[in-house]
Every structure is written in C-alpha cells, then in structure tokens.
Number of protein chains: 2
Amino acid sequence: MDTHLLRTFVAVARHGSFTAAATELGYTQSAVSQHVAALETDLRTPLLRRRPVALTDAGARLLEHAEPLLLRLAAARADVTRLVAAPAEHLVVGASALALGGGLAGALAAVRSRRPLVSPTVRVLERAEIAARVADGTLDLGLVDGVAAPTDPLPLPDVGPLSAVAVTQAPLAVLLPPGHPLEGRRGLRLADLADARWIDAPEAAMPLDRLRAASGSDGFRPSLRYEGTDVRGLIALALAGHGLALLPEPALDGVAAGVPVPRLVHRVELLHGGLTDGPAALLAAALTG
Amino acid sequence: MDTHLLRTFVAVARHGSFTAAATELGYTQSAVSQHVAALETDLRTPLLRRRPVALTDAGARLLEHAEPLLLRLAAARADVTRLVAAPAEHLVVGASALALGGGLAGALAAVRSRRPLVSPTVRVLERAEIAARVADGTLDLGLVDGVAAPTDPLPLPDVGPLSAVAVTQAPLAVLLPPGHPLEGRRGLRLADLADARWIDAPEAAMPLDRLRAASGSDGFRPSLRYEGTDVRGLIALALAGHGLALLPEPALDGVAAGVPVPRLVHRVELLHGGLTDGPAALLAAALTG
DNA sequence: ATGCCTTACGCCGCCCGTAACCATG
DNA sequence: CATGGTTACGGGCGGCGTAAGGCAT
C-alpha cells in the first residue's frame with residue numbers, strides 16, 4: 001500500500017476513469033492500471049468495477065481511509081516545512097463566503113501597509129476545503145464560518161493539528177418572505193421550522209445538514225438548491241417565497257428583515273497551523289484583536 | 001516522503017540508533033542511513049543529530065505526524081481486510097488491567113461453549129496501545145477503562161474510525177491509609193486532593209494526568225511510581241502510606257475501604273472496528289447484552 | 001467498430017547491499 | 001582504537017512506457 005498507489009486509486013475513484021486519472025497524474029493509462037492491480041493484489045480484493053468504473057464496497061472503504069491519509073501526509077510535509085522555512089513574504093487567505101466581512105477587510109489594511117510590501121490573496125472556498133488547505137499549506141490562513149452554540153467552537157473536520165481561534169460571533173436570523181405567517185415574531189426556535197420549506201444554499205447560507213445537527217431534528221428538507229456564494233441572489237429567492245434561509249444577521253443588514261434565532265450564533269474562526277513571524281501572524285493579530 | 005522512509009525514520013527515532021533500527025527492519029545500517037538522508041533531502045532540513053542520535057526540532061515535529069500516519073495506514077489495511085475476509089475463527093481481546101473483570105470472564109464462557117471451538121486470547125496492555133491495536137487489526141476487540149463524567153464517553157486517541165460502546169460503569173474511590181485525616185468521610189471532591197501525595201500507578205490505578213484533566217487542577221504530583229498491573233501490590237503501598245490512589249470501588253472490594261468520589265465514574269468501553277459474525281461479535285454481544 | 005482497460009515485454013532508474021571511509025567518544 | 005554513521009559503487013528488481021490484446025457498448 002504505497003502512497004503512490006493510493007494517490008492513483010483516489011484519482012481513479014474521483015474521475016471514474018483510468019484514462020482521466022492517468023492524464024491528471026502524468027502517467028500512462030497502463031501505469032494506472034498496474035497501480036490499481038497492485039493495490040488489489042496487495043489487499044486481495046477487487047477495489048473497482050470496470051466498464052463502467054465504479055467502487056466496490058472494499059474500494060469505497062479504502063477511499064474513506066485514503067483521502068484523509070493523503071491529506072495528512074501533505075499536512076505533515078507542510079508542517080515541517082513551516083517550521084523550518086523562513087516565513088513566506090506572500091500571504092494566501094482562504095475563507096468561506098460568509099466568513100468574509102468579519103473584519104477581514106480592515107485587518108488586511110494592516111498587512112498592506114507593511115514593509116516589505118506584500119499583496120495578499122483572498123480565496124473564497126467551500127467550508128470543507130479550508131481546513132484541508134490550511135493543513136497542507138496551500139493556505140496560510142483560513143476563515144471558516146458556521147453555526148454553533150454561543151461559546152462552543154465550530155465542529156471542524158479532523159485533518160491534523162490546526163489551531164482555531166474565534167474571530168467574530170453574530171446572531172442568526174431566519175429570512176422570511178413578506179406575508180409569511182411567522183413574520184414579525186420576536187424569536188423563533190429552529191426546531192419549529194424543521195418542517196418548513198428551505199432553500200439549500202450551502203455556500204451562501206447555513207447548510208441544512210448543519211441545521212439538522214444543531215437542532216437535533218431531521219427535517220429541513222430543501223425545496224430549491226442555490227449553488228453560489230452571492231448572498232443577494234439568495235435573499236431575492238427567499239423573499240420571492242422559494243423557501244427559508246438561515247443567515248447571520250449582519251449579512252442581511254439593510255436589505256431585508258429576518259427573525260432572530262436564539263441559542264445559536266454565527267461564528268467565524270481563524271484557522272492556522274502554527275504562526276511564525278510574517279504577514280500571516282500580522283493578519284491574525286489584526287483579526288483577533 | 002515515502003511511507004518506507006517514514007517507517008525507517010520512526011524506528012531510528014524510537015531506538016536512538018541507526019543500527020538498531022536497521023536490524024529491526026531487516027535492512028543494513030547503510031540503507032537506514034540512506035533512508036534518513038533521503039527524507040532530509042526531501043524536506044530540506046536535518047531531522048536527526050548524529051552521535052548521539054537525537055531528534056532535531058523538525059524531526060520531532062515530523063515524528064508527531066509520522067507515527068499516527070503509519071498507524072492509520074495499518075488501520076486502513078485492517079479495515080478493508082476485515083470487510084472482505086471471512087470472520088476469523090480466532091479471537092484476540094486486548095484489555096487494560098482495570099478493564100478486566102467487567103464481565104469479561106463471564107462473557108468469554110459464551111464464546112468458549114461455541115462450535116467450532118475457539119480458544120480466545122486475552123492480552124493485558126497499556127491503555128494507549130489498545131485503540132491502536134484494534135485499529136490495525138492486531139486485536140479483534142479492546143476493553144479500555146478510564147475516568148469520566150457519569151454518561152460521557154471516554155476520551156480516546158484518534159486512530160481512525162472505531163466504534164466504542166459502554167460496558168460497565170462503577171463508582172470511584174480514593175484509597176486512604178489508615179489514620180488519614182480524611183478517613184471515614186462520606187465523599188471527597190477530587191480537587192480537594194490535588195495537593196495530597198499520590199502514587200503514580202498508570203496501569204494499576206487511574207493515571208494522574210487523567211485526574212488533572214478531569215478535575216481541571218494541575219496538582220496530583222507523584223510521590224512514588226508503581227509500574228505494574230497488580231492492584232493488590234498497589235493497595236499495599238497505599239495502605240502503607242506511600243500515597244493516595246484512585247481506583248474503581250469494585251477493585252478494592254473486601255480488601256480495603258475507600259472514600260467514594262462523586263461526579264466521576266470508572267467506565268469500561270468495548271472498542272471494535274466494525275463487527276461481522278464470528279467470535280468477536282459473540283463476545284461483544286455477551287459483554288454489552 | 002471503437003473506446004477503454006488489461007497484458008506482455010523491455011528498458012531505465014531506484015534502492016539495497018558490500019565495502020571502504022571517516023568522525024567521535 | 002572501536003563503535004557507528006556516511007559515502008561510493010555495482011547489481012538486481014520493480015515500475016513505467018510502448019504496443020498488442022481483449023471486452024463491452
């Protein structure tokens with residue numbers, strides 16, 4: 001079970017094609033075939049069905065292990081490298097869409113006024129990707145948002161030793177279309193809304209599976225899916241009655257009115273893998289005060 | 001960063017010697033030297049100081065990543081194998097010393113009366129080792145004990161996806177020498193004993209660092225260390241006044257009297273990595289039934 | 001008939017062992 | 001001077017590519 005074989009296996013599983021995996025990895029199709037065969041011989045079980053290419057049960061199980069393993073391998077390299085290398089003069093920050101605005105704009109000013117000059121990169125990513133990219137060093141810093149109980153930390157995927165520190169915490173609000181029966185209520189318990197129609201907007205609002213986890217209910221069925229990070233588009237859809245959406249209150253400030261949700265907050269955390277001196281540390285200090 | 005190189009590096013770090021690592025792995029000293037050199041070139045930093053062999057900072061950091069990585073690699077293999085292979089007709093159970101007695105003896109009877117005949121192996125191990133060995137398939141089942149709040153799960157090292165299920169829960173008691181000022185008290189808060197003299201008996205009693213974690217105090221300094229799993233020996237030392245010890249109440253039944261500790265329990269959990277039919281499932285059912 | 005994965009086969013390069021070398025206690 | 005890690009070098013073998021083979025759509 002060499003890591004090269006695992007890497008190839010993961011690529012094949014992702015692409016559903018030996019050929020595509022080969023081109024991605026810079027191998028020939030033949031080599032990929034041999035890699036998979038080697039793994040299958042080693043584990044004494046077929047991992048993929050061919051034509052069409054699909055995972056067997058064993059393959060699916062292996063994939064569950066292989067992806068985090070490869071991520072951790074990259075994280076290990078990045079961690080050691082960070083420890084040794086001089087702090088980079090560049091700065092790449094990854095953030096989920098709703099984690100922006102938590103003072104990032106202001107904090108970046110502190111970095112940009114620094115000498116020698118750095119021009120930071122801000123990259124908007126899916127929440128799930130951020131921790132992984134901070135761990136493997138693709139990002140210097142990450143800003144993730146999520147819903148949690150007031151002082152609880154966010155639940156983060158386990159991708160190795162990362163430090164997380166709170167940046168902001170804001171109330172959450174449910175966005176209701178005008179004329180909705182619950183309009184004007186002072187507060188709404190999330191569980192009461194489990195059976196309502198929701199917009200599934202995992203990037204632009206709170207993901208529905210997180211609402212299920214936070215409320216302990218298994219409702220929150222999506223009536224429409226919104227793929228994108230633009231909050232204004234989502235607000236338009238919600239106001240047009242396509243479904244409810246849960247947003248941090250500041251995000252709909254001045255645009256629409258929402259009904260606050262008690263006992264839960266929108267939380268933004270800063271993720272990093274050990275700060276040394278350099279632009280990253282500067283930005284982190286500016287963000288966390 | 002091939003896994004072979006990491007394995008060699010870990011062996012060298014553990015042994016503090018290239019030669020010893022080589023013999024363990026069945027390599028020549030030269031190969032080991034080349035492995036380490038390859039890693040160091042790859043990461044562009046020295047990992048070990050030679051003569052005497054000791055970890056550099058970067059090496060120590062790498063080791064923190066490498067050991068869990070290799071463990072998870074073994075766990076992945078074991079997991080896939082478990083899924084595919086017919087359930088073994090053998091059964092190896094690992095248990096920490098104080099996790100024995102939680103009905104294991106009785107439950108084993110159910111297994112031994114089964115046809116075809118299996119003769120199970122019970123192996124007493126350190127707590128930390130058990131989860132790792134269940135994950136990598138060395139053990140079919142693990143029984144770990146620890147101290148926790150009444151219904152909380154035990155804190156387990158993260159070695160991949162394992163299932164844990166409670167087996168028993170028992171009160172905890174502090175073992176006091178006769179004539180101790182607190183003798184005869186109805187109940188003792190752990191924090192009040194942080195400054196007492198304790199026996200550090202990580203295998204035969206609750207480890208002191210766990211007491212610190214559970215009580216939030218940083219006391220519990222050891223006055224004597226007891227290496228071994230024999231509880232009677234520990235009890236003798238405690239009664240002779242060498243220090244206090246925290247034990248599950250059943251463990252000192254009939255031998256000595258202890259003062260109960262409220263708000264904490266001794267908990268035993270069964271660890272497994274997905275049960276199929278076979279002796280392991282039988283034993284698990286008998287234990288948790 | 002045509003993709004697409006598999007198998008056969010040869011070559012290149014990597015990796016390990018032998019052996020000489022060197023540093024340190 | 002001895003113990004133990006490093007370096008030099010050669011040989012074996014594993015892994016990759018080329019190309020031919022098979023199989024399902």
Side-chain angles (χ1 to χ4, degrees), chain A residues 1-60 62-63 66 69-70 73 76-77 80 84, chain B residues 1-60 62-63 66 69-70 73 76-77 80 84:
Chain A
M1 281 213 330
D2 196 354
T3 53
H4 292 259
L5 305 186
L6 287 180
R7 212 182 308 279
T8 305
F9 170 71
V10 169
V12 173
R14 265 206 305 264
H15 285 96
S17 153
F18 284 53
T19 315
T23 50
E24 179 195 315
L25 300 173
Y27 286 126
T28 60
Q29 182 196 43
S30 165
V32 169
S33 189
Q34 293 175 53
H35 280 189
V36 174
L39 263 182
E40 292 183 322
T41 325
D42 183 21
L43 295 175
R44 298 169 203 286
T45 183
L47 300 169
L48 294 166
R49 265 183 283 276
R50 287 63 198 278
R51 206 182 301 273
V53 173
L55 289 166
T56 62
D57 285 357
L62 180 63
L63 189 64
L69 257 167
L70 294 174
L73 200 67
R77 165 182 291 278
V80 173
V84 169
Chain B
M1 278 211 335
D2 197 352
T3 53
H4 291 260
L5 305 186
L6 287 180
R7 212 182 308 278
T8 305
F9 170 70
V10 169
V12 172
R14 265 207 305 265
H15 285 97
S17 154
F18 284 53
T19 314
T23 49
E24 178 194 316
L25 300 172
Y27 287 126
T28 59
Q29 180 196 46
S30 165
V32 169
S33 188
Q34 292 175 54
H35 280 187
V36 174
L39 263 181
E40 291 182 326
T41 323
D42 182 23
L43 296 173
R44 298 169 203 286
T45 183
L47 300 169
L48 294 166
R49 266 183 284 276
R50 285 77 204 271
R51 210 180 293 271
V53 173
L55 289 165
T56 63
D57 285 357
L62 181 63
L63 189 64
L69 257 166
L70 294 175
L73 201 67
R77 164 183 291 277
V80 173
V84 169

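Naming convention: chains lettered A, B, ... in sequence-line order (proteins, then strands); numbering from 1 in each chain. Predicted model only: the values in this text are computed from it and were never measured.
Interface remark: the S30(A) side chain does form a donor-acceptor pair with the dT7(C) base, using a distance-only criterion of under 3.5 Å. With hydrogens and angles left out, the side chain of R51(A) and the base of dC4(C) share a donor-acceptor pair within 3.5 Å.
Between the CZ atom of F18(B) and the C1' atom of dT7(D) there is a distance of 14 Å, rounded to whole Å. One can place CG of L5(A) at 14 Å from P of dG14(D), the figure rounded to the nearest angstrom. What separates CG of D2(B) from P of dC15(C) is a distance of 8 Å, to the nearest Å. Regarding L25(B), its CG atom lies at a distance of 11 Å from the P atom of dG17(C), rounded to whole Å. In this structure, the CZ atom of R49(B) is 17 Å from the C1' atom of dA23(C), given to the nearest Å.
In terms of phosphate contacts, T19(B) brings a side-chain nitrogen or oxygen within less than 4.0 Å of OP1 or OP2 of dG5(D). Within the 4.0 Å cut-off from OP1 or OP2 of dC16(C), at least one side-chain nitrogen or oxygen of H35(B) is found. Of the side-chain N and O atoms in Q34(B), none sit less than 4.0 angstrom from OP1 or OP2 of dC15(C).
Contact annotation: the side chain of L70(B) approaches that of V10(B) to within less than 4.5 Å [non-hydrogen atoms, C-beta and beyond].
Side chain of E40(B) to main chain of L47(B): a donor-acceptor pair is present (N/O by atom type, distance under 3.5 Å, no hydrogens or angles). No donor-acceptor distance shorter than 3.5 angstrom exists from the side chain of T45(A) to the backbone of V84(B), with no hydrogens or angles considered.
Using a 4.0 Å heavy-atom cutoff across all strands shown, V53(A) reaches sugar-phosphate atoms only and no base atom.
For H35(A) against T8(A), the heavy-atom pair with the smallest separation is ND1-OG1, 2.7 Å.
Closest to the side chain of A31(B), from the set dC5(C), dG5(D), dC16(C), is dC16(C).
Residues P52(A) and Y27(A) both approach DNA chain D. Their nearest nucleotides, taken by heavy-atom distance, put Y27(A) toward the 5′ side.
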